[in-house]
J.: 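Take this structure, written in structure tokens, and hold onto it; I'll ask about it next.
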Amino acid sequence: MENSMAEYRQSRRRDSFVPVDSHSRRGRFIYYVATIWVFFFQKAQCGRRLAGIVLVFLHLTFFTGYLCHVLRNTTRTKRLDGICPGYSLENCPAISEGLQCSACVRLPRGNMVHFSSDFECGNSKNFRKIGKDRYRCEVVGDKKIYCYYFCFDVHNEGPATEVSIEVWHDPLVNDVSGFISHFPSTIWVAPQEWNRYRPLDQTCVEVHKEHLVIHLSLEANKTLRVTDNWPSPYSDTCAFLKKLAGERQDRCCLFTIGKSVQGREIIGLRAGTPGAPRMLCIAGQHPIEFPGVWAMRAIADYISSAIGEVQILREKMLIEVIPLVNPDGTVLGRNAFTSENFDMYVAFGSKPNAQEPEAAESKLLWRWITEKDTALWMNVHCYLGWRNNSEPPFDGWYEVPRGLFSDSKRKHTYEALCDTMRLETDSPSTTMEPDIHTENTLEYQIAKRYGIPSVFYEINGGTAGAFQSGKRGLRVFRNAVKTFLDLI
Ligand SMILES: [Zn+2]
């Protein structure tokens with residue numbers, strides 16, 4: 001990288017030999033002023049010969065400058081592409097020079113409208129202009145099905161305008177049906193100064209066989225963030241938990257189970273009575289499944305609240321909530337994976353009987369679950385898309401085979417929890433039967449090895465933003481806790 005930057009600086013020095021750079025504003029200004037000056041000089045009927053020489057010199061330098069500019073851009077674009085480490089680079093040297101860079105997500109400066117996804121939770125690549133006021137990009141997927149999330153900024157540096165943006169599947173994953181099966185769904189937009197996203201009017205989104213088209217009205221000199229899943233970024237989620245812990249020190253405290261591979265603390269909020277039955281609640285195994293994270297934020301708020309029945313709950317249970325168990329994946333805007341390409345949902349990968357799960361973050365979770373007795377486990381995921389074969393809010397749920405519980409009392413508790421999920425939540429709004437966890441999931445293994453019952457809920461992000469996700473997650477939590485406490 002050092003050598004590449006030295007080469008880049010050297011290339012800049014060579015550029016300074018061009019006498020009049022006809023591409024730059026300053027170059028054009030000098031050229032026009034000099035031409036007008038020569039014109040009047042000729043009119044004055046004196047020094048015609050000198051004026052003619054100056055005019056020829058100016059024309060020559062102007063067109064030579066233009067030729068140099070074209071040649072330089074062609075060669076330098078190739079050279080700079082070679083040193084740009086990819087779309088996540090904030091200050092791509094090619095882009096800072098106003099050139100195209102095939103590795104970088106930003107369009108060259110000078111375009112009135114340009115794009116970026118180089119921020120926490122950002123996702124999308126290969127932004128291109130493909131027509132008048134029409135642009136195109138692709139999502140960055142992880143694997144089949146998990147290749148639908150996008151979150152990018154549209155910067156408008158000109159007057160108010162309207163643009164159309166085509167959002168395509170990731171050609172590297174090449175799962176067209178997996179991508180498009182998540183749509184139609186709510187597209188959320190937020191200008192930078194808002195603290196809430198708003199759903200984009202349905203008439204502004206077209207769903208085609210392989211891509212979406214999003215029509216946007218852009219205000220003058222404003223940036224608009226566009227996404228299909230309302231984010232709860234890691235930094236914001238941590239700040240929220242710290243605020244709760246700071247303001248409610250008599251009712252809750254922060255805790256950590258360790259750091260992610262990239263060094264981010266996996267923090268949670270704890271409330272209740274030490275020694276009482278311990279309930280653990282998580283979200284974010286699939287890191288951009290934000291409705292689960294919003295649900296956990298609401299649960300953290302609830303268990304540390306001043307509500308009377310919660311005071312009684314804190315006396316009867318110890319509850320620990322971790323809203324984001326895969327912080328690296330969330331920051332990187334990944335659909336399914338950790339920074340090391342592990343899917344934390346199928347925690348044991350191809351070895352369901354292994355001592356520990358495969359991802360470093362899953363190992364931390366496993367120790368947290370197993371180091372003390374765990375009485376109840378709650379996990380919330382999400383998916384997207386309005387279904388035309390079911391009823392809103394299009395949520396879902398998973399169960400483990402009940403035969404996994406060897407202890408009859410635990411088995412009975414689990415059956416009661418399954419009844420609660422089916423009858424007292426929106427779980428069956430998409431399908432009347434639950435999906436079944438595979439052998440390599442945490443839910444399956446904690447049931448089999450430790451007899452720990454679980455509730456596993458899926459919120460549809462197409463019908464839930466921050467508030468609805470919190471409400472639905474809290475409903476599952478409260479009903480599950482009530483069922484559990486009624487039986488002990
Ligand atoms: Zn998931």
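Values in this document were obtained by computation on a predicted structure and should not be read as measured data. Excluded from the calculations below are hydrogen atoms, water molecules and symmetry mates; all remaining heavy atoms, backbone and side chain alike, are included. Quick note: residue numbers are just sequence positions, from 1. For ligands, and for the atoms within them, numbers begin at 1 and follow the listed sequence.
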J.: Backbone or side chain, does His381 get an N/O/S atom under 2.8 Å to the Zn ion (ligand 1)?
T.: yes

J.: Using ring pair (Phe, Tyr, Trp, His ring centres under 6.0 Å) as the criterion, point out the one residue from Phe152, Tyr135, Trp168 that pairs with Phe127.
T.: Phe152

J.: Given the Zn ion (ligand 1) as the apex, I'd like the angle to ND1 of His286 and OE2 of Glu289, rounded to 10 degrees.
T.: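 Reported to 10°, the angle equals 90°.
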
J.: Check His286, His182, His169 against Tyr146 for a ring pair (Phe, Tyr, Trp, His ring centres under 6.0 Å) and give me the one that passes.
T.: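 Answer after filtering His286, His182, His169: His286.
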
J.: Identify which one of Tyr398, Trp377, Trp397 satisfies the ring pair (Phe, Tyr, Trp, His ring centres under 6.0 Å) criterion when paired with Phe456.
T.: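 The single option meeting the ring pair (Phe, Tyr, Trp, His ring centres under 6.0 Å) with Phe456 is Tyr398.
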
J.: So that I can tick it off, tell me whether Lys143 and Asp175 are bridged by a salt bridge, with the cut-off set at under 4.0 angstrom between side-chain N and carboxylate O.
T.: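 Result for this pair is no, no salt bridge flagged.
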
J.: Kindly confirm whether the Zn ion (ligand 1) is within less than 2.8 Å of some N/O/S atom in Glu458?
T.: no

